[in-house]
Amino acid sequence: MGIIYKYELKKLLNNKIILITAGILCLVVIAWGIFNSVVSTNSKLDGVVLTRYAYNQISKEYQNELSGRKIDSILLQEMRKAHETHMKTGDYSNLVAYEDVFLFVGEIIDSYSTPEVLSIDENELYQQFLNKMLIDSSNGIYNKNEVEYWNKAAEEIAASAVIYRGDFSGWQKIISFFEVLIYMETLFVAIALSTTFPLEHVRKTDQLIYASKYGKSKQYWAKIFAGLTVAIGFVVIFSSLYIGVVALVYGLDGFDTAIQFIILRPFRLSVGGCTLILLSLSLVATFTNAIISMVISKLTKSSLATISIFAGILIMTLFVQDVPENLRPLFELWYLIPSNMVSLEGAFRYNLLTIFGHNFLSYQIAPIVLLLFSFGFVLIGKITHEKVSNRISL
């Protein structure tokens, strides 16, 4: 099958539509990086308006000086003094180090009002921090096991002061962009692989292929593996390019920063670990999308129908922002849609699956379900392929 696989892979890589689509999407990422480097900020340091890149480099130095510090009464007091200095002198350089801490506190108390953020004390802060992460058991959305599991995790996290690890803006940008990233990857897969099977049908060579020695068996799998190679390869290259651009513009400091700086949920993860999970989910999502695209193109014999189906799903997920959690089965299915799964809301949900007393988290369950679905769907395509080839042989 190796020779047939190489032939099918070469066909895909020589497809101008695939190359143009991949090229445009990569150029978008590069253009985004250039724009974010040269655009001016509204912030001034030493009376000078800086570009985003220059501001990032300076603010990173100040913020990293606080790396390893606990967010406690001492640090909160320092933040108040820095703000007082800023109000008296207009010097922003003393305040820039506390930007992340200020936003963290503001997210906890549901207010970014300077007086409210600066007036809170350590005990009140961590009480509200705990309240933010606790699950309300009275609404009936979550079962007893889920409530106990997550509330215990919340209490353990809130019991000790959160450690600030310095600047983490690079990881924050990567995580926030994953939802856009998966849309781009889905768009690429829909366009690139929708012609995998219909091309022979359009050229009227499908009957000749079915009648050939390997037309019934190896040719189908060769196309599937070639399509998966292109799809996964694009994700790896595209994600690496994006992470590289972010690293140049924002840096990749603060890998160990607690995930609560980005989403207030009781997961014992860092922002770096969160990124790796989302990246892994994007690979699984692309694998599933690739299988769906190729099998649908096989069943419909139309690349246009395949692209239309994907476009319809993407449009639906754009307009329907969320599904009520009390509709549990629908809620679970909604976040199994690959473009919904690869996001903070999709990956880090409170839903658990308990098997033999062991709790599995949503980002552990979803990939397994999607992979099983993919294997089942690809077998449907294989059965259809064999039926058609047998009919032609007769």
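These numbers come from a predicted model, not from an experiment.
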Exercise for review: Would you indicate whether the side-chain heavy atoms of I337 and M316 approach each other to under 4.5 Å?
Suggested key: yes
Point to revise | Audit row: F188, F234, ring pair (Phe, Tyr, Trp, His ring centres under 6.0 Å) steps and yes/no | key: CA-CA 9 Å; F188 172 80; F234 171 77; 3.9 Å; yes
Check your understanding: With the 4.5 Å side-chain cut-off for hydrophobic clustering, are Y183 and I313 part of the same group?
Key -> yes
Review point. Given side chains that start at C-beta, do those of Y350 and I141 come closer than 4.5 Å, heavy atoms only?
Key: no
Practice item. Answer yes or no on whether R165 is positioned over the face of F255, meaning its NZ or CZ is under 6.0 Å from the six-membered ring centre and within 45° of the axis. Key: no
Review point. Is there a ring pair (Phe, Tyr, Trp, His ring centres under 6.0 Å) between F225 and Y220 once you walk through the steps?
Key: CA-CA 9 Å; F225 289 133; Y220 175 81; 9.4 Å; no
**Study point:** Ion pair K81/E84, N-O distance below 4.0 Å
**Key:** no
Check your understanding: F168 pairs by side-chain contact (heavy atoms from CB on, under 4.5 Å) with which of I175, I262, L252?
Key -> I262
Check your understanding: So F373 and F377, ring pair (Phe, Tyr, Trp, His ring centres under 6.0 Å) or not? Walk me through it.
Key -> CA-CA 6 Å; F373 171 80; F377 206 58; 5.5 Å; yes
Practice item. Tell me, yes or no, whether the heavy-atom count around I74 atom CD1, taken from other residues, nucleotides or ligands under 6.0 Å, exceeds 12. Key: no
Exercise for review: Go through the steps for V162 and Q260 under the test side chain to side chain contact (heavy atoms under 4.5 Å, CB included), then give the verdict.
Suggested key: CA-CA 9 Å; V162 175; Q260 285 74 34; 5.8 Å; no
Check your understanding: Hey, any chance V147 and L130 share a hydrophobic cluster, counting ILVMFWY side chains that come within less than 4.5 Å of each other, even indirectly?
Key -> no
Review point. Is the backbone of W334 close enough, under 3.5 Å, to the side chain of N340 for a donor and an acceptor to pair up by distance?
Key: yes
